[in-house]
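One structure is given below, encoded as structure tokens.
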Amino acid sequence: MRPSLPKGVRDFLPEQVAKRNFIFDTIRSVFIKYGFRPIETPVMEKLSTLTGKYGEEGDRLLFKVLNNGDYLKKADPSALEAKDSTKLIPSISKRGLRYDLTVPFARFVVQHQNEIAFPFKRYQIQPVWRADSPQKGRYQEFYQCDVDVVGSDSLMYEAELVRIYDEVFAALNVPVKIKVSNRKVLAGMAEAAGISDQFMEMTMAIDKLDKIGEQGVRNEMGNRGIDAIAIDKVMTILEVKGLEELEPYFKDSEIGLKGIEELRTFHQYFDLEEAKNEVSFDITLARGLNYYTGCIFEVAAKGVEIGSIGGGGRYDDLTGVFGMKGVSGVGVSFGAERIYDVMQELDLFPKKDRSALEILLIAFDAPTHLKAFEWVGALRKAGIRADLYPTPAKLKKQMKYADASKVPFVGLLGGQELENSTISLKNMETGAQQNINLEDLINKFRP
RNA sequence: GUGUGUAUAGCUCAGUUGGUUAGAGCGCCGGAUUGUGGUUCCGGAGGUCGCCAGUUCAAAUCUGGUUACGCACCCCA
């Protein structure tokens, strides 16, 4: 049979894994520094935990796991008869793959509320699955790096999370613009335009501003049934540059003013230290997810057309659906896959691979192979990433292997070297070669 | 869910109006070279042309179906 992968998933070669780990390690180290603790949740959740949390579209994109055993025996006969897949699902599938990390986290918090201390700060770096049709930069399996705080509505955390963004992207050397807004400001806009009941339609249209332009947003709102006068009003407010300018529009909108106040409090905390990246209020920032209720964030890479590489915000009642009311959360997510693409395009990955082999030993015959195995053990003991070709095969073959493996150094061990207790150390890039004893060899790599 | 494209060697791809034994480059194996890779030369292995039908004297090539994967839309990271 011809080996291949199902659509939307990928293998990673060692060099890719090294690069991906560089991103994950950088993110993780910043999370830890800010006092966040790791948790892990299972690949599978109960389907009942997942369904209905991501909208109708989301339900369709959930991967469902078929029940074990003779699952058709318990299948809903009427749904089976009618060939109604949607209705059939609950009777043949009780589990699904997680679609994001936020809903499982909400479940986790409710379930373990007596074992954790609030405010609870957690981070989670795990893959998620979506049955979306894949295309460039979009996969059915991808990693999310989430960091959230639950159990406090202090705006200090908003400032802290934006600082994490700032610090991570500075550490990765990726120049970004961090956009900040507040869902209450958007609610104020809807109120000012007299379309509070069409808040969702409005935000979804605004969310596309970057992509479809001003006229596109007007059309989108029109298509979604918002009247022309309200559209004009919304577009006028979108022109606003700062919070002061915005305030007059919200004279009669309590929620709008509350949004402005929250943003000001956020800035009081955040502005105590200068940011390394551009951080700015962006009134056109909307974020599609409708569970956000307060501050919202989005990160865009500078100089690369790729969309957002991170986003997040405040949600007042995430655990509510699991029966735990009034617990506020705020969190942000890093789009690791897209960060990878940006770093690849801008050539930002470190040249030196800290997980790659440093030296390969090559032996000429059986006695030297035995000696070389002793050497490779000594090198490893000294913390040097070393390996030995498994047989004293033809030099050409061994050298070719070294070349293909991109090992920077090769240590050759033949009869002469055995006699002098040295090896011939060859620099694979320059071709230069020198005889060296074990002690000097170790010092060369770990001085 | 909608639209659209692709499928030939391990990989990337040629393959003429349908016509002998389906090719190239790279990779792989062996040799030139029994103590030296990345350059060169020589030789070799490797294919159910995605799958199933149909048209035809004859199909990788034309037609229909099917499966897989890609790209775009919706949506999203």
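As the structure is a prediction and not an experimental result, all values here were calculated from the model. So that the names make sense, note that chain A is the first sequence line, chain B the second, and so on, each numbered from 1.
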request  = Between A:Phe364 and A:Ser133, name the one whose nearest nucleotide on RNA chain B is closer to the 5' end.
outcome  = A:Phe364
message = For the CG atom on A:Asn420, are there more than 12 heavy atoms of other groups (residues, nucleotides or ligands in this structure) within a distance under 6.0 Å?
response = yes
request  = Compute the centroid of each ring, for A:Tyr157 and then for A:Phe266, and state whether the two points are separated by less than 6.0 Å.
outcome  = no
query = Rounded to whole angstrom units, what separation is found between the CZ atom of A:Arg10 and the P atom of B:rA77?
reply = 16 Å
request  = Output all residues satisfying ring-ring contact (aromatic ring centres under 6.0 Å, His included) with A:Tyr123, sequence neighbours left out; order by chain, then residue number.
outcome  = A:Phe31
ask   = So what does A:Gly8 touch, heavy atoms closer than 4.0 Å: a base, only the sugar-phosphate, or nothing?
value = sugar-phosphate
message = Between B:rG37 and A:Asp403, counting only base atoms on the nucleotide and side-chain atoms on the residue, is there a donor-acceptor pair under 3.5 Å?
response = yes
query = Which whole-number value in Å describes the distance from A:Gln398 CD to B:rG38 C1'?
reply = 17 Å
ask   = Which nucleotide in the set B:rC76, B:rC74, B:rG37 lies at the smallest distance from any side-chain heavy atom of A:Arg130?
value = B:rC76
query = Which whole number of Å gives the distance between the C1' atom of B:rA24 and that of B:rG47?
reply = 15 Å
query = Within the pair A:Gln433 and B:rU36, is there a side-chain N or O less than 4.0 Å away from OP1 or OP2?
reply = no
query = Using a cut-off of 4.0 Å on non-hydrogen atoms, how would the nucleic acid contact of A:Gly310 be classed: base, sugar-phosphate, or nothing?
reply = nothing
request  = Please state how far atom NE2 in A:His369 lies from atom P in B:rG35, giving the value in whole angstrom units.
outcome  = 16 Å
message = For a quick check of understanding: with a heavy-atom distance under 4.0 Å over all strands, which category does A:Glu417 fall into, base, sugar-phosphate or nothing?
response = base
query = What's the closest nucleotide to the A:Arg224 side chain, out of B:rC75, B:rU36, B:rA77?
reply = B:rC75
task = Hey, could you give me each pair passing ring-ring contact (aromatic ring centres under 6.0 Å, His included) that has a residue in residues 377-431 of chain A? Not counting sequence neighbours.
result = A:Tyr389-A:Tyr401, A:Phe409-A:Phe445
inquiry  = Return whichever of A:Thr430 or A:Glu220 has its heavy-atom-nearest nucleotide of RNA chain B closer to the 5' end.
reply    = A:Thr430
task = Over all heavy atoms of both residues, which pair between A:Lys64 and A:Ser93 is shortest? Give the atoms and the distance, please.
result = CB-OG, 3.5 Å
message = On the side chain of A:Gln416, is there an atom forming a donor-acceptor pair with the base of B:rG35 - under 3.5 Å, no angle test?
response = yes
query = Which value, in whole Å, describes the distance between the P atoms of nucleotides B:rU55 and B:rU17?
reply = 25 Å
query = Looking at B:rG35, B:rA77, B:rC69, which one has an atom nearest to any side-chain atom of A:Pro6?
reply = B:rC69
request  = Apply the ring pair (Phe, Tyr, Trp, His ring centres under 6.0 Å) test between A:Tyr165 and each candidate in A:Phe270, A:Tyr34, A:Phe334; give the one that qualifies.
outcome  = A:Phe334
remark   = note: A:Ile339, atom CD1; B:rA77, atom C1'; distance rounded to Å ~ 10 Å
query = Are the ring of A:Phe142 and the base ring of B:rA77 both nearer than 5.5 Å at their centres and tilted by less than 30°?
reply = yes
inquiry  = Applying a 4.0 Å non-hydrogen cut-off, can you work out what A:Gly137 is touching in the nucleic acid: base, sugar-phosphate, or nothing?
reply    = base
inquiry  = In terms of relative ring orientation, are A:Phe349 and A:Phe22 parallel, tilted or perpendicular, with 30° and 60° separating the classes?
reply    = perpendicular
ask   = What pairs with A:Gln434 under side-chain hydrogen bond (donor to acceptor under 3.5 Å, both in side chains), at least two apart in sequence or on another chain?
value = none
query = Nearest to the side chain of A:Met428 - B:rG35, B:rC71, B:rG37?
reply = B:rG37
inquiry  = Run the ring pair (Phe, Tyr, Trp, His ring centres under 6.0 Å) test on A:Tyr99 and A:Phe63 for me, step by step, so that the C-alpha distance in whole Å, both residues' side-chain angles and the decisive distance to 0.1 Å come before the verdict.
reply    = CA-CA 8 Å; A:Tyr99 180 89; A:Phe63 273 103; 9.7 Å; no
inquiry  = Which residues pass the ring-ring contact (aromatic ring centres under 6.0 Å, His included) test with A:Phe297, not counting sequence neighbours?
reply    = none
B/S/- contact track for nucleotides 26-33 of chain B, protein heavy atom under 4.0 Å = ---S-SB-
message = Classify A:Leu5 by what it touches in the nucleic acid, base, sugar-phosphate, or nothing, heavy-atom distance under 4.0 Å.
response = sugar-phosphate
message = Both atom distances under 3.5 Å, Watson-Crick or G-U wobble: I'd like the secondary structure of RNA chain B as a dot-bracket string, with | for pairs made across strands.
response = (((((((..((((.....[...)))).(((((.......))))).....(((((..]....))))))))))))....
inquiry  = At 4.0 Å (heavy atoms only), tell me whether A:Glu141 reaches a base, stays on the sugar-phosphate, or touches nothing.
reply    = nothing
key: Length of the line joining A:Leu412:CG and B:rU36:C1', which is rounded to integer Å   = 6 Å
remark   = Ranking B:rU36, B:rA72, B:rA77 by distance to the side chain of A:Tyr139, first place goes to B:rA77
ask   = Using atom C1' of each nucleotide, how far apart are B:rG27 and B:rU67 to the nearest Å?
value = 29 Å
query = Mind checking the C1' distance from B:rA22 to B:rU8? Whole angstroms is fine.
reply = 8 Å
ask   = Closest to the A:Lys208 side chain: B:rA72, B:rC75, B:rA77?
value = B:rC75
request  = Mind listing the closest non-hydrogen atom pair of A:Ala75 and A:Leu88 along with its distance?
outcome  = CB-CD1, 3.9 Å
ask   = Taking the C1' atom of each, how far is B:rG23 from B:rG15, in whole Å?
value = 7 Å
B:rU39 versus B:rA59 - spacing of their C1' atoms, nearest Å = 44 Å
message = Of the options B:rU36, B:rC73, B:rC69, whose atoms approach the side-chain atoms of A:Lys7 most closely?
response = B:rC69
ask   = Atom CG of A:Leu413 to atom P of B:rU36: distance rounded to whole Å?
value = 16 Å
task = Flag the pair A:Arg130 / A:Gln140 as yes when at least one side-chain heavy-atom distance between them is below 4.5 Å, and no otherwise.
result = no
request  = Measure distances between side-chain N and O atoms of A:Arg138 and base N and O atoms of B:rC75, and say whether any donor-acceptor pair falls under 3.5 Å.
outcome  = yes
query = Taking OP1 and OP2 of B:rA77, is either one under 4.0 Å from a side-chain nitrogen or oxygen of A:Gln144?
reply = no
Cation-pi, A:Phe105 ring and A:Arg122 (6.0 angstrom, 45 degrees) = yes
key: Whole-angstrom distance between B:rU20 and B:rU66, as gauged at atom P   = 32 Å
ask   = Say you pick atom C1' in B:rG70 and the same atom in B:rA32; how far apart are they, in whole Å?
value = 45 Å
ask   = What integer distance in Å separates A:Met204:CE from B:rC74:C1'?
value = 9 Å
ask   = Given atom NZ of A:Lys136 and atom P of B:rC69, what is their separation to the nearest angstrom?
value = 18 Å
